[in-house]
Amino acid sequence: MGQSFFTTSASGTFRGKSLVSTVALAALIGTAVLTAPASAATLRMAWSQDATGLDPHKQTAFSSIRLLELIYEPLVRLDSELKIIPALAQSWEFTEDGKTLTFKLDPEAKFQNGDKVTSADVKASFERLMAEETGAAARANFLSIESIGTPDETTAVFNLSQPDVPILTAMTSINAAVVPVSEIEAGSIGTKAIGSGPFKLEKWEPNAKEVLSANKDWAGGTVAVDGIDISVLPDETAILAALRTRQVDFALINDPLVATLVPNEASLTLNRTPVLNYHVLQLNPSRSPMTELGVRQAISCAIDRQDVLDTALLGEGEVSGPLTMPAYASDPSQLFCYERDVEKAKQLLADAGHAEGFSATVIAATGEPPTAAAEAQVIQSQLAEIGIKLDIKMMELNVYVDTWLKGDFDMAVALNGGRADPYSMYNRYWTKDGNLQKVANYIDDTLDDLMQKGRVETDPDKRREIFGAFEKHLAEVSPWIWLYTSYSYTAQQKNVDGFVATPTGSLFGLSTVTVAQ
Amino acid sequence: MNYLTRRLVTFPLVMLGVSILVFISIRLVPGDAITAMLGTEAGLLTPDQRAALEAYFGIDQGWLVQYGRWLTGAMQGDLGISVTYGKPVLDVILERFPLTLELALLSMAIALLVGLPAGVFAATRNERPSDLIVRVFAMIGQSTPNFVVGLLIIFILSVGFGVLPVMGAFTPFFVDPLQNLGQLILPAITLGFAFAASVTRIARSAMLDVLSEDYVRTARSKGVPALSVIWRHALPNALIPVVTLSGVEFGYLLGGAVIVEQIFALPGLGRMVLDAILQRDYALVQGSVLFIALNFMIVNLIVDLTYVMLDPRIRLGDR
């Protein structure tokens, strides 16, 4: 396309007409860059990482979930304070023994193909999620489901094999989305996106753009914009430039270094929300000398968490213990060695027989998070003070994930996903049969006991007490060194209003956004 | 044409070699389509779940079986299905290619428009201040990485002037030529900057050689006007190294300009290949690298044929 146009101009100007063509080029830029603003009722949005697929049960990457949350709906969802609120279900209740969970569906709820959302869809969706051939990683959170009853069209009854309080929180994930039974039977989940959510996916060009239109029949309310046009701009400084020139109304920003530049622009607003995800230095307690409690504790005492945060993330975050959800978080200064103490670190190291220090390798993923390399470097310099020599190995994300899953590292700089419920967040690591025990490589009876108790306890105050003890113990035995949580960022023009961010980083709040003319 | 047939016969052999190399190297890198999709959540999969996903991504068989299956398809023109795009690989490539081709042509046009006159000009002003200025600019152009140029352009335009071409949604040339050129001109300038610098340097030194030859002196002594000596007598003979350089550069550009596409958010081949590698979309990586290799071979062939046109003394088949 267009090649003939340019070959002519190239060969035709061999004889020194370059000045004329330069003027022509300049005129082209002049006319083409001054584009008229798009119709204001469509929100023009940009993000740097695109979704990798459309199957809500299978996709676990944040970049996919953010898109799918606009199209599909779970039974329940989390509000900005992480309280469970209705989505497709209007109400729900656990029986006294905690083994039966009943949902009443919104009778108005409809899929984007016009079909009503019924209990049959709920049953089929969860059965698909649980079937091993689906390959849904989220299945691990729903293993206690024994059967699903559908006494009538709007009632779904989950029969559980044991009391499972965290299951309700797990159901807020878009990985537990309700999809139409007809689409499951047609085998088209993942190729067509037919949900019941506020937006319909009109067009998707992977890694380039998405076009969403407002779902007029959405039972959850009225969507204020006509639609959302999402552009994938892989370089976040280019996103900032697009915001500056008003090409984009709303943007998602990952890199704190870019986000901190937004407030310099008078026409832009930055939304900054603390998130549940946590930055952590994972030690591998199966490898010597991290097998020794004293060594792990020495590392914990030698690290100045606030300094890592200030240097690598420009202070964009909060020092945190293992529990990052506000309802469970404790004062981090009460946790083991959250105040840096180099003398104590040296002493602990000497007592463990490593007074001279040792060498170890730390792995980190390039660009994931964007600050990973800087974090590794600050940690390297802090640990050098007690004689631990770190060799930093930066890896492409996929290589990192592969290495991480095999537990093939001495230490790892990581940004791990947080959950609204402490059990769902940590059972994969800190229970005896946790799926990721081979990555965590540390478990003791106390941790396992507390996790099992927390799982079945229904009283909120008692749960807080149990998980408080869990957190305190975890920080003390230091298999990992929890550092801090950071923020999620969105930037918007001043005429965009009504976006509500949540600690899960969801963009569902776009359903209430308005764009003033 | 004997030479042409011989060259064309080598194409399939080179392609076969390239396909084997790509096939193996992408699989040697740790991580697969499953870890690319799930990240660390892949650790939650049961062995049966993992097996189901491997079958879904077509990576459940041994390498030899996978390669055999792929090769059989490729020979029938079926490069497989991209798991990211859910479409045939060839369709995905052909959707992205027009942009890449247009960008490559545009950058080459800029490079030749600026580089050739500048090189010739510098050669005729050999060792004078104006020659020195051109050479300094060429040196700067060649040694500045294109991401610096690209980011500087974006920064200056957006901060200084508050304007920027539309980013993200790309407009094809035939839909809206003006919008299309507006989107491509800055990336083309970014790429053309270093390209023009190389052309300037090569053109200058080739012209210097030619200008000192006997036939140029003869032409001058016969009273041919100076401009005519330069443009009609000398330049055509100085073009061969320029064609060689442009051919190689153009071949590279047809493989996509990853960094510039990334900065200007252009959906070209380069970013497609990069994303395919990051997402371990094996079929797409294999198909697109093969496509790029084929382009490169075609461009090289055209370059060789151009030599004959420029200098009738060259007989390709006899060498």
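Note that these values count all heavy atoms, side chains included, but never hydrogens, waters or copies made by symmetry. Below, chain A is the first sequence line, B the second, and so on; all start at residue 1.
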Tell me, for B:D176 versus chain A, whether the close heavy atoms (under 4.5 Å) come from the side chain, the backbone, both or neither.
neither

Are the side chain of A:D235 and the backbone N or O of B:Q262 linked by a donor-acceptor pair below 3.5 Å?
no

Salt bridge A:E205-B:R96, side-chain N to carboxylate O under 4.0 Å:
no

Between B:L278 and chain A, which part of the residue has a heavy atom less than 4.5 Å away: side chain, backbone, both or neither?
both

Check whether any side-chain N or O of B:Q49 sits under 3.5 Å from a backbone N or O of A:A136 as a donor-acceptor pair, and report yes or no.
yes

In this structure, are over 12 heavy atoms from other groups packed under 6.0 Å from B:F57 atom CZ?
yes

By side-chain contact (heavy atoms from CB on, under 4.5 Å) - contacts of A:S424 (at least two apart):
A:P166, A:R419, A:D421

For the interface with chain B, which of A:G190, A:S48, A:G135 has the highest count of heavy-atom pairs at distances below 4.5 Å?
A:G135

Given B:E41 and A:N175, is the side-chain contact (heavy atoms from CB on, under 4.5 Å) satisfied, shown in steps?
CA-CA 12 Å; B:E41 301 275 310; A:N175 285 151; 5.5 Å; no

When the 4.5 angstrom heavy-atom criterion is applied to B:L53 and chain A, the contacting part is side chain

What pairs with A:W47 under ring pair (Phe, Tyr, Trp, His ring centres under 6.0 Å), at least two apart in sequence or on another chain?
none

Interatomic spacing from CG in B:L44 to OG1 in A:T60 - rounded to 0.5 Å
8.5 Å

Could you walk me through whether A:T237 and B:L151 pass the side-chain contact (heavy atoms from CB on, under 4.5 Å) check?
CA-CA 8 Å; A:T237 49; B:L151 287 175; 3.6 Å; yes

Contact leader toward chain B among A:E133, A:R428, A:K438, where contacts are heavy-atom pairs under 4.5 Å
A:R428

